[in-house]
> 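Pasting in a structure now, in structure tokens, and then I'll have a few things to ask.
Within every chain, numbering begins at 1; the chains are lettered A, B, ... in the order of the sequence lines, protein sequences first and strands thereafter.
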2 protein chains.
Amino acid sequence: MLSNACQYAIRSILYLSIHSNETKKIGVKVIADELETPQPFLAKLLQQLAKKKLVSSIKGPHGGFYLTKKNNENSLWDIVTCIDGTDKFDNCFLGLATCDDKNPCPVHFIVVPFKQKLLNDFRDKTIAQFTKEITLSGRVISLKDFNALKD
Amino acid sequence: MLSNACQYAIRSILYLSIHSNETKKIGVKVIADELETPQPFLAKLLQQLAKKKLVSSIKGPHGGFYLTKKNNENSLWDIVTCIDGTDKFDNCFLGLATCDDKNPCPVHFIVVPFKQKLLNDFRDKTIAQFTKEITLSGRVISLKDFNALKD
DNA sequence: CTCAAAACATAACAATTGTCATATTTTAAT
DNA sequence: ATTAAAATATGACAATTGTTATGTTTTGAG
Ligand code: FES
Ligand code: FES
């Protein structure tokens, strides 16, 4: 459903939301290592996100990526839009030209409610809300399970 | 979520379920034309499906593809398994190594119920049940909206 | 002012997926 | 038997996506 690229992007933003702020920037190397994602690929993605103001960054020594208060008010949906675009979510599950309740394909009424709910959650909840839940409930972002939450 | 290939496959099987039987076979050309899918690609897919006994076929003049009573008892899930494999449904939505309630990623509890429901519908309903609903409710398979249901 | 650490930019490369073309085999009709 | 219509098999080609490599620019530290 989501591309690899988008999955990496979401995880890295959530990571930054937990571990960074205006005074604590984090370099690509660290992020890639923590999330176990390919480093140069992630760098490219972070640059895309930076261009759309979904993450902040400064160059130079002790520079890096970080999330401002404002960055934290974006939604997961903004990330998906930035990296993957929204086609997969708008289009018919079976690839028909239009997807609406008037001309439903055989799986339309199975698929649409789910997509709707997913969309709402992704659009309505801010990154900040997500990270709050994450830190409270001990959910996972990295592949090396709980390490990311220990510090 | 589903690949192009899988979407074509599902639609063609549903089409065959409605329009074919042991005594009425349909050629690739007709199917591809009705569903507006690339013809050679669809041929390849139908051959994959035939190998796994999800569709029946005979060669020669007046040959073609068709669904037997038994073919009609398969599920949409069987098609997905045959064409795409099940990885996309089993794996974590954010690409983490494991996906279970014990080590949930931040979106786990949003995504899993939906996937579960979708999976159930795809696994439990037979092709025959789907086509019954389709013919009763006038749903769409082809891109040229209701034409496929007019005869 | 110089240097090095970082983001930024570009482009080369690889893998997967989707598409098309060609040739072979089977089978019914004549 | 011959022929033509179909599925089948194989492989070439294109497009997308994912990955890696190389070089440029910015900027803080000494
Ligand atoms: S018409 Fe197919 S999912 Fe809506
Ligand atoms: S752990 Fe990510 S979807 Fe289940």
> Side chain of B:P40 only, please: which of C:dC20, D:dA6, D:dG18 is the nearest?
C:dC20
> Side chains of B:H19 and B:E34: does their closest heavy-atom pair fall under 4.5 Å?
no
> Indicate whether OP1 or OP2 belonging to C:dT17 is found under 4.0 Å from a side-chain N or O atom of B:Y8.
no
> Does the side chain of A:S57 get closer than 4.0 angstrom to OP1 or OP2 of C:dC8 through an N or O atom?
yes
> Can you tell if the side chain of B:I127 reaches within under 4.5 Å of the side chain of B:I79, non-hydrogen atoms only?
yes
> What integer distance in Å separates B:K25:NZ from D:dT8:P?
13 Å
> Between A:N4 and A:Q7, is any pair of side-chain heavy atoms under 4.5 Å apart?
yes
> In plain terms, say whether B:K117 and B:D121 are close enough for a salt bridge, that is, a side-chain N and a carboxylate O under 4.0 Å apart.
yes
> Once you round it to whole Å, what is the distance between P of C:dA6 and CG of A:L42?
15 Å
> What nucleotide, of C:dA4, C:dC8, D:dG18, holds the atom closest to the side chain of A:P61?
C:dA4
> Is any side-chain heavy atom of B:I18 closer than 4.5 Å to a side-chain heavy atom of B:I141?
yes
> What's the closest nucleotide to the B:P38 side chain, out of C:dC8, C:dT19, C:dA9?
C:dT19
> Starting at atom NZ of B:K52, determine the distance to atom C1' of D:dT8, rounded to an integer number of angstrom.
16 Å
> Counting any heavy atom closer than 4.0 Å, what does A:A43 reach on the DNA or RNA strands: base, sugar-phosphate only, or nothing?
nothing
> How close or far is atom P of D:dA5 from atom NE2 of B:H62, stated in whole angstroms?
10 Å
> Do the side chains of B:L2 and B:I10 get nearer than 4.5 Å, heavy atoms only?
yes
> Quick check: on DNA chain C, is the nucleotide nearest A:K59 upstream (toward 5') of the one nearest A:K44, or the reverse? Name the residue that is more 5'.
A:K59
> Should A:L49 and A:F65 count as side-chain neighbours, where that means a heavy-atom distance under 4.5 Å?
no
> Which ones in residues 71-79 of chain A lie close to DNA chain C, meaning a heavy atom under 4.0 Å from one of its atoms?
none
> Categorize A:I58 for me: base, sugar-phosphate, or nothing, with a 4.0 angstrom heavy-atom threshold over every strand shown.
sugar-phosphate
